[in-house]
Amino acid sequence: MKLSWAALGLVLLAPLAVRAVEPISLGLALAGVLTGYISYPRLYCLFAECCSQKQSLSRDALQKDLDSKLFGQHLAKKVILNAVSGFISNPKPKKPLTLSLHGWTGTGKNFVSKIIAENIYEGGLNSDYVHLFVATLHFPHVSNITLYKDQLQSWIRGNVSACARSIFIFDEMDKMHAGLIDAIKPYLDYYDNLDGVSYQKAIFVFLSNAGAERITDVALDFWRSGKQREEIKLRDMEHALSVSAFNNKNMVLQ
């Protein structure tokens, strides 16, 4: 709408000048002005997704999504709400946000990733700035690990260079080769930049079945003791998960 009013204003402000200018010249002039408006970043972002569009996150909106869509995961809700909202509101984080979600298939790990992505980018998982990798799909052959490492590092570096607030989701981490995990490690630490690129505003989400049995064991212990599921605290799970992750050679990030 602003575009059409700008063009109309140019014509209305100079009715006499129109007569003195050849139609082709006037058309080229208007086209040049309109091109200038279209190329202006803020206007461009009205028609296409931009990395800078979402500079903040609504904690209330994220909490509403988690409360209304995610059930039986009170620990995950609390940790994710505090971690994501706190990270996004920090203009100068010291390191990327790293989330590691554990549990059986169907417990909501991918669903939580979707909620996080949708609260940061309107396109959610379809956003140009959200990247999903599935270990068995994208890195299926052990013989190609060296190639995968080079490609993965190049992909991460290129996308963070284009958008500092890039989101990377790695599914089936328990099936990912340890060498590939080593390739990701440098981007998760306290570095101002690596080869001129800062990764401090990026978000890495790791999804894994590792520790699922231990999580079930803790939940059963509470049930047998006559306690409610909601009484389980994060500290009750931390030890169980850390032991499972340590025993899983593909979860050295833990």
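Small disclaimer: the values here were computed from a predicted structure and weren't measured.
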- [ ] Starting from the C-alpha separation in whole Å, work towards a yes-or-no answer on side chain to side chain contact (heavy atoms under 4.5 Å, CB included) for Tyr187 and Arg157.
- [x] CA-CA 9 Å; Tyr187 306 115; Arg157 182 168 55 252; 3.8 Å; yes
TODO: Kindly indicate, with the supporting measurements, whether the criterion salt bridge (charged side-chain N to carboxylate O under 4.0 Å, His left out) is fulfilled by Lys233 and Asp236.
DONE: CA-CA 5 Å; Lys233 304 298 182 183; Asp236 298 318; over 6 Å; no
TODO: Go through Trp155 and Val160 one step at a time and tell me if the side chain to side chain contact (heavy atoms under 4.5 Å, CB included) criterion holds.
DONE: CA-CA 9 Å; Trp155 184 260; Val160 174; over 6 Å; no
- [ ] Mind running side-chain hydrogen bond (donor to acceptor under 3.5 Å, both in side chains) on Asn119 and Arg59 for me, showing each step along the way?
- [x] CA-CA 9 Å; Asn119 275 269; Arg59 181 186 173 93; over 6 Å; no
Open item on the list: Could you go through Ile203 and Ile120, starting from their C-alpha distance and side-chain angles, then the distance that decides it, and tell me whether this counts as side chain to side chain contact (heavy atoms under 4.5 Å, CB included)?
Closed with: CA-CA 11 Å; Ile203 297 175; Ile120 297 177; 3.6 Å; yes
- [ ] Carefully, step by step, assess Ile167 and Tyr121 under the rule side chain to side chain contact (heavy atoms under 4.5 Å, CB included).
- [x] CA-CA 10 Å; Ile167 302 175; Tyr121 290 110; 4.2 Å; yes
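Atoms CG and CG, from Leu234 and Leu75 in turn, are 6.0 Å apart once rounded to the nearest 0.5 Å. From Lys114, atom NZ reaches atom CD1 of Ile116 across 12.0 Å, with rounding to the nearest 0.5 Å. Atom NE2 of residue His177 and atom CG of residue Asp182 lie 9.5 Å apart, to the nearest 0.5 angstrom. Distance CG/Leu207 to OG/Ser100: 8.0 Å, rounded to 0.5 Å. How far CZ of Phe133 is from CG of Leu180: 10.5 Å, rounded to the nearest 0.5 Å. A distance of 15.5 Å separates CZ of Arg165 from CG of Asn159, quoted to the nearest 0.5 Å.
A 4.5 Å side-chain heavy-atom check between Phe111 and Leu70 finds at least one atom pair inside the cut-off. Pro186 has its side chain within reach of Leu194: a pair of non-hydrogen atoms, C-beta onward, lies under 4.5 Å apart. With a 4.5 Å cut-off on side-chain heavy atoms, Lys77 and His74 do not count as touching. Side-chain contact check for Trp223 versus Arg229: every heavy-atom pair is 4.5 Å or farther apart. Considering only heavy atoms from C-beta on, Pro93 comes within 4.5 Å of Lys201 through its side chain.
Gln200 approaches Tyr191 most closely through the heavy-atom pair NE2-O, 3.3 Å. Residue Tyr129 comes nearest to Glu49 through the heavy atom pair OH-O, 3.6 Å, listed as atom of the first residue, atom of the second, then distance. Taking every heavy atom of both residues into account, Ile80 and Leu62 meet most closely at O-CD2, 4.4 Å. Scanning both residues, Tyr199 and Pro96, for their nearest heavy atoms gives O-CG, 2.9 Å. The minimum heavy-atom distance between Gly103 and Ala212, with the atom names listed, is C-CB, 3.8 Å. Here the closest non-hydrogen pair linking Met173 and Ser208 is CB-CB, 4.0 Å.
Ring planes of Phe206 and Phe170: parallel class, angle under 30° (limits at 30 and 60°).
One finds no salt bridge joining Asp67 and Lys64 here, because no Lys/Arg side-chain nitrogen approaches an Asp/Glu carboxylate oxygen to under 4.0 Å.
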Report, one line per pair, each donor and acceptor closer than 3.5 Å where one atom sits in a side chain of residues 135-151; sequence neighbours left out.
{"unit_1": "Thr136", "atom_1": "OG1", "unit_2": "Glu172", "atom_2": "OE1", "d": "2.5"}
{"unit_1": "His138", "atom_1": "ND1", "unit_2": "Val134", "atom_2": "N", "d": "2.9"}
{"unit_1": "His138", "atom_1": "ND1", "unit_2": "Val134", "atom_2": "O", "d": "3.4"}
{"unit_1": "Tyr148", "atom_1": "OH", "unit_2": "His141", "atom_2": "N", "d": "3.3"}

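Environment of CG in Asp195: sparse, with no more than 12 heavy atoms of neighbouring residues, nucleotides or ligands closer than 6.0 Å. In this structure, Glu230 places its CD atom where more than 12 heavy-atom neighbours from other residues, nucleotides or ligands lie under 6.0 Å away.
Side-chain atoms of Thr98 never come within 3.5 Å of backbone atoms of Phe204 as a donor-acceptor pair (strictly under, hydrogens ignored). When atom types are taken as modelled, the side chain of Gln73 and the backbone of Thr107 share a donor-acceptor pair closer than 3.5 angstrom.
Here the options are Val205, Leu125, Ile169, the test is side-chain contact (heavy atoms from CB on, under 4.5 Å), and the partner is Leu132; only Ile169 passes.
Linking Ile, Leu, Val, Met, Phe, Trp and Tyr residues whenever their side-chain heavy atoms come within less than 4.5 Å leaves Val218 and Trp104 in two separate clusters.
Relative to the six-membered ring of Tyr190, Lys94 misses at least one condition, a distance below 6.0 Å or an angle of at most 45° to the axis.
Residues passing the side-chain hydrogen bond (donor to acceptor under 3.5 Å, both in side chains) test with Ser89: none are found, sequence neighbours excluded. Every residue two or more places apart in sequence or in another chain that forms a side chain to side chain contact (heavy atoms under 4.5 Å, CB included) with Asn209 is listed here: Thr105, Lys109, Asp174, Lys175.
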